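Beneath this line is the structure, given in structure tokens, with notes to follow.
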Amino acid sequence: MDVFHGFADAHATFDKAKYVIFYLPYDKTSTHRKGAKNGPVEICKESWNFESWDLKREIDLGSIDIHDMGFLDVSNRTSPKQMVNEVYETVRKIVKADKFPVLLGGEHTGSVGAIWALSELVGDFGVVCFDAHLDYRNDYVGEKFSHACVLRRAAEKIGSDRVVSIGIRSASEDEFNDAKSDGTRYFTSWDVREKGIIEIVENALDILSVNKIYLSFDMDGIDPAYAPGVSTPEPFGLTPHDGLTLIEVLAPYLIGFDLMEVCPNWDKAYTPCLGARFVREVIMLSHKHLKGHKLHRK
Ligand code: MN
Ligand code: MN
């Protein structure tokens, strides 16, 4: 059996770290394809693929203080609500210590706990959700803590004017109508194709009009041709370069990040590798902007 080494170059203790990575091995409410609970292990394995020094940023990831907190104590026997609460408590601990949380999933539902924790500890902030799906159902087969309800739970907590989704190309008629009547804004993958990712992300920042952003990155926002290893693949998606540019534009504002829905049972060859690279980019780019600044203080 393989020995698990966690995320590459995450060597710091909790106390010293600026970034804290932790893992959500959970996919109980996943519907179409199961296996996202195995996402974190495969993302971590692939993280060792890369040089610690980054050619584009001219930074060594090993020079950044990153702590690997390991796995949350959850399994599919844990209720979705309890799982969200575990994420909430963990992000609370990280943010209270003035550190940047990085959550690797696991099903998208876990993001709700992170957003709830931030809503209590951080002043005005917005959520940018990168996703193929609107995730705006009130409940899914009776469950309010479902991967299909993430944006709805976020909007309820922090206000529909504080969330924007990018990459959308799927919704039910009901959630479409609900988002419309709540004034919840989103940009489709076709909007991105027409206007370019930079203009769309800048529009999202204008809508949110806050200088602190939590980025929730559902891997299925990327086209399944590039990232087939997701629970609910949806054609006509964005490219890895779009994902990278989105991170570059948002980096100065980021206060936390999650990368969810990587489902390696359907592709181990590339999707976890791309996911690991996005995690590195978020840490390296936000680190450049964070130097000398306090993260979460109002
Ligand atoms: Mn999705
Ligand atoms: Mn989602």
Side-chain angles (χ1 to χ4, degrees), residues 24 26-37 39-40 43 80 83-84 87 103-116 126-141 143-158 160 163-172 174-176 178-179 184-192 204 213-240 242-243 246 256-267 271-272 274-275 278:
L24 176 67
Y26 193 84
D27 61 7
K28 187 175 184 166
T29 85
S30 295
T31 38
H32 185 55
R33 296 171 170 180
K34 290 277 186 186
K37 67 179 181 188
I43 294 168
M83 176 277 287
V84 166
V87 175
L103 163 62
L104 306 187
E107 65 170 78
H108 201 176
T109 320
S111 308
V112 173
I115 293 161
W116 284 8
V127 173
V128 171
C129 205
F130 181 84
D131 206 319
H133 308 92
L134 199 51
D135 289 356
Y136 209 74
R137 282 175 157 92
N138 185 47
D139 65 83
Y140 193 63
V141 286
E143 178 56 69
K144 284 192 151 196
F145 295 97
S146 161
H147 67 96
C149 313
V150 176
L151 193 69
R152 182 70 164 262
R153 296 290 88 78
E156 280 171 357
K157 194 72 174 181
I158 63 173
S160 53
V163 297
V164 175
S165 279
I166 296 174
I168 303 302
R169 50 202 186 270
S170 170
S172 70
D174 282 350
E175 59 183 323
F176 171 81
D178 287 353
T184 301
R185 299 288 303 273
Y186 64 88
F187 296 95
T188 65
S189 60
W190 295 284
D191 292 330
V192 174
I213 301 287
Y214 181 80
L215 173 59
S216 184
F217 199 106
D218 181 330
M219 197 63 167
D220 66 33
I222 299 290
D223 192 273
Y226 300 104
V230 294
S231 307
T232 44
E234 192 68 45
F236 309 118
L238 304 189
T239 66
D242 289 328
L246 172 129
F257 171 67
D258 63 57
L259 186 104
M260 311 301 271
E261 296 284 333
V262 169
C263 184
N265 303 40
W266 293 83
D267 171 44
T271 311
L274 179 62
F278 283 141

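Keep in mind that what you see is a predicted model, and the values were worked out from it rather than measured. Whatever order the structure lists them in is the order used to number ligands and atoms, beginning at 1.
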Review point. Hey, is the Mn ion (ligand 1) within less than 2.8 Å of some N/O/S atom on Asp135?
Key: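 False for Asp135.
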Practice item. Using 2.8 Å as a strict upper limit, say whether an N, O or S atom of Glu261 approaches the Mn ion (ligand 1) that closely. Key: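 No N, O or S atom of Glu261 is closer than 2.8 Å to the Mn ion (ligand 1), so no.
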Among the N, O or S atoms of [X], the one nearest the Mn ion (ligand 2):
| X | value |
| --- | --- |
| His108 | ND1 |
| Asp218 | OD2 |
| Asp131 | OD2 |

Exercise for review: Report the name of the N/O/S atom of Asp220 located nearest to the Mn ion (ligand 1).
Suggested key: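 When I compare the N, O and S atoms of Asp220, OD2 is nearest to the Mn ion (ligand 1).
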Review point. With the Mn ion (ligand 1) as the point of reference, which N/O/S atom of His133 is the closest?
Key: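 The His133 atom nearest to the Mn ion (ligand 1), restricting to N, O or S, is ND1.
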Are the side chain of [X] and the backbone of [Y] linked by a donor-acceptor contact shorter than 3.5 Å?
| X | Y | result |
| --- | --- | --- |
| Glu107 | Lys28 | yes |
| Ser170 | Ala132 | no |
| Asp258 | Leu104 | no |
| Asp139 | Lys144 | no |

Check your understanding: Out of curiosity, Arg152 CZ to Leu134 CG, how far, rounded to the nearest 0.5 Å?
Key ->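 Reported to 0.5 Å precision, the distance equals 10.0 Å.
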Check your understanding: Mind checking whether Thr109 and Glu143 have side chains closer than 4.5 Å, heavy atoms only?
Key ->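 No, every pair of side-chain atoms sits at 4.5 Å or beyond.
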